[in-house]
Colleague: 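Let me give you the structure first, and then I'll get to my questions.
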Amino acid sequence: ASGPADKAPYGEAPAIAATIGAQLLTAVKAKQSRRLELMSTFSLALPSSVVLTILGIPSGDWPGILQWVGAVEMAHDITQTAGVQGMGGTCAMALNTYFRALIHGTRDSRCPFHAERGGVMHSLATEGIGDAPLMSAEEAQATAVNLAVAGFLSAAFLIGTGMLNLLGAAPDGSLRNPGGERPIDVLRSRRELMPSAVEEMLRFDSPFQLTDRYVVNSDVMLGGVQLH
């Protein structure tokens, strides 16, 4: 995939995705193989490249960031070993340190390490209201880490589970309707159904089956508000 664009606001995400998707598919076709490892070759590569482009992360840093993100995600699995969970914690600290340095470098015009101009990170680091920054360095750092870790995985998982269901396959690999018409065949003949098909994929087999909820077990004051 290509590196960050000169200007990549959120509104341009569909165009960025189309460009990067075309590049990925061209690379797949160049291999002249009838087989495709969907998740690693396309499902993860496409949305991660889009998110990192929109953030304005220097393209040379992408491989390292994605390795850190992968380690953090694996550590969220409670069945993993202590070593895997410890590595996730180490990589989370590395992500926070990287984005803190990127924010400070972007705010200092003398520093060669900075976010791409026009990206979200550049805006978070340099834009403000009057003399006050839009976000503090800590807030910008936390926002960047959240986007880097969780900003693309739902799309990646949606592509994977969506393709599985479009092929008419059950989770065990068997066909749901052997010999019958597959959902993907319907979409190929009726492309106008694609927008509603994506919505149905999200509803029928959500890429995320659970989420964290935070509750208080005793009275606490947070930001001047009493929580019970």
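The first residue in the sequence is number 1, and the count goes up from there. Owing to the predicted nature of the structure, the values given are computational and were not obtained by experimental measurement.
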Colleague: Does anything in residues 133-152 form a salt bridge (charged side-chain N to carboxylate O under 4.0 Å, His left out)? List the pairs, not counting sequence neighbours.
Modeller: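 Sorted result for residues 133-152: Arg100-Glu138.
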Colleague: Do Trp68 and Val149 come close enough that some side-chain heavy atom pair is under 4.5 Å?
Modeller: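 Side-chain contact under 4.5 Å: no.
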Colleague: Nearest 0.5 Å, please: how far is CD1 in Ile57 from CG in Leu147?
Modeller: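 Going from the CG atom of Leu147 to the CD1 atom of Ile57 covers 9.5 Å.
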Colleague: Using every non-hydrogen atom in the two residues, find where Ala75 and Gly88 come nearest and quote the distance to one decimal.
Modeller: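 What the structure gives for the nearest pair is CB-CA, 3.6 Å.
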Colleague: Regarding Asp219 and Gln226, do their side chains bring together a donor and an acceptor under 3.5 Å, going by distance alone?
Modeller: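 Their side chains do not contain a donor-acceptor pair, so the 3.5 Å distance test is not met.
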Colleague: Can you tell if the side chain of Thr41 reaches within under 4.5 Å of the side chain of Leu24, non-hydrogen atoms only?
Modeller: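 No, every pair of side-chain atoms sits at 4.5 Å or beyond.
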Colleague: Is the backbone N or O of Val186 less than 3.5 Å from a side-chain atom of Ser189, with the two atoms forming a donor-acceptor pair by type?
Modeller: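 A pair under 3.5 Å: yes.
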Colleague: Quick one, Ile103 and Leu124 - any side-chain contact, counting heavy atoms below 4.5 Å?
Modeller: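 A side-chain contact under 4.5 Å is absent here.
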Colleague: Let's go through Val198 and Leu158 carefully: what are the C-alpha distance in whole Å and the side-chain angles of both, what is the deciding distance for side-chain contact (heavy atoms from CB on, under 4.5 Å) to 0.1 Å, and is it a yes or a no?
Modeller: CA-CA 9 Å; Val198 173; Leu158 175 64; 4.2 Å; yes
Colleague: Side chains of Gln23 and Thr26, heavy atoms from C-beta outward: is any pair under 4.5 Å?
Modeller: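 No, side chains not in contact.
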Colleague: Can you name the closest pair of heavy atoms from Pro47 and Ala155 and give their distance?
Modeller: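 Heavy atoms of Pro47 and Ala155 come nearest at CB-CB, 3.8 Å.
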Colleague: When you group the ILVMFWY residues by side-chain heavy-atom contacts below 4.5 Å and let the links chain together, are Leu66 and Met93 in the same group?
Modeller: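 No; tracing contacts between hydrophobic side chains, which count when under 4.5 Å, never links both residues.
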Colleague: Below 4.5 Å, heavy atoms only, C-beta onward: do Asp205 and Phe157 meet side chain to side chain?
Modeller: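 Sidechains of Phe157 and Asp205: no contact.
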Colleague: Listing request: all ring pair (Phe, Tyr, Trp, His ring centres under 6.0 Å) pairs with a residue in residues 95-116, at least two apart in sequence or in separate chains.
Modeller: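 Of all non-adjacent pairs touching residues 95-116, those that pass ring pair (Phe, Tyr, Trp, His ring centres under 6.0 Å) are Tyr98-Phe113.
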Colleague: Give a yes or no answer on whether the side chain of Ser154 reaches the backbone of Ala150 with a donor-acceptor pair at less than 3.5 Å.
Modeller: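 No; zero donor-acceptor contacts below 3.5 Å.
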Colleague: Which heavy atom of Met87 sits nearest to which heavy atom of Ala71, and what is that distance?
Modeller: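 Closest approach of Met87 to Ala71, heavy atoms only: CG-CB, 4.3 Å.
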Colleague: Would you give the length of the straight line joining atom CD1 of Ile54 to atom OG of Ser49, rounded to the nearest 0.5 angstrom?
Modeller: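 Between atom CD1 of Ile54 and atom OG of Ser49 there are 11.0 Å.
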Colleague: Please determine whether side-chain contact (heavy atoms from CB on, under 4.5 Å) holds for the pair Arg182 and Arg188, giving the CA-CA distance in whole Å, both sets of side-chain angles, and the decisive distance to 0.1 Å.
Modeller: CA-CA 10 Å; Arg182 301 175 303 173; Arg188 281 172 173 165; 3.9 Å; yes
Colleague: Given the rule that I, L, V, M, F, W and Y join up when any side-chain heavy atoms are under 4.5 Å apart, are Val84 and Leu95 in one cluster?
Modeller: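 They do not share one cluster, since no chain of ILVMFWY contacts under 4.5 Å joins Val84 to Leu95.
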Colleague: Indicate the atoms forming the closest heavy-atom contact of Pro183 with Asn165, along with that distance.
Modeller: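 For Pro183 versus Asn165, the nearest heavy atoms are CG-O, 3.6 Å.
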Colleague: From Leu25 CG over to Ile20 CD1, what is the distance, rounded to the nearest 0.5 angstrom?
Modeller: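 Reported to 0.5 Å precision, the distance equals 12.0 Å.
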Colleague: Mark yes when over 12 heavy atoms from residues, nucleotides or ligands other than Met74 sit less than 6.0 Å from its CE; otherwise mark no.
Modeller: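 Counting other residues, nucleotides and ligands, CE of Met74 stays at 12 neighbours or fewer.
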Colleague: Out of curiosity, Glu192 CD to Leu187 CG, how far, rounded to the nearest 0.5 Å?
Modeller: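 Going from CD on Glu192 over to CG on Leu187, the span is 9.0 Å.
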Colleague: Only one of Thr106, Leu52, Thr126, Leu55 passes side chain to side chain contact (heavy atoms under 4.5 Å, CB included) with Met121; say which it is.
Modeller: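 Single side chain to side chain contact (heavy atoms under 4.5 Å, CB included) partner of Met121 among Thr106, Leu52, Thr126, Leu55: Leu55.
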Colleague: Check whether any side-chain heavy atom of Phe152 sits under 4.5 Å from a side-chain heavy atom of Leu46, and report yes or no.
Modeller: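 Side chain of Phe152 against side chain of Leu46, heavy atoms only: no contact under 4.5 Å found.
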Colleague: Decide yes or no for Val225 and Leu227: does some side-chain heavy atom of the first lie under 4.5 Å from some side-chain heavy atom of the second?
Modeller: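 Heavy-atom side-chain distance check passes, below 4.5 Å.
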Colleague: Which pair of non-hydrogen atoms, one from Trp62 and one from Thr53, has the smallest distance, and what is that distance?
Modeller: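 Heavy atoms only, the tightest pair is CH2-OG1, 3.3 Å.
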Colleague: Using a distance-only test with no angle check, is there a side-chain donor-acceptor pair under 3.5 angstrom linking Glu37 and Ser40?
Modeller: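 There is such a pair (donor and acceptor under 3.5 Å, judged by atom type) between the side chains of Glu37 and Ser40.
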Colleague: Side chains of Met201 and Leu166, heavy atoms from C-beta outward: is any pair under 4.5 Å?
Modeller: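 Counting from C-beta outward, Met201 and Leu166 do come under 4.5 Å.
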Colleague: Rounded to the nearest 0.5 Å, what's the gap from CG on Leu102 to NE2 on His122? Could you check?
Modeller: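 The NE2 atom of His122 is 10.0 Å from CG of Leu102, to the nearest 0.5 Å.
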Colleague: In Å, rounded to the nearest 0.5 Å, how long is the span from OG of Ser136 to CD of Gln141?
Modeller: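 Between atom OG of Ser136 and atom CD of Gln141 there are 9.0 Å.
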Colleague: Between Ile159 and Ser43, which heavy-atom pair has the shortest distance, and what is it?
Modeller: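 Closest pair (atom of Ile159, atom of Ser43, distance): CG2-OG, 3.0 Å.
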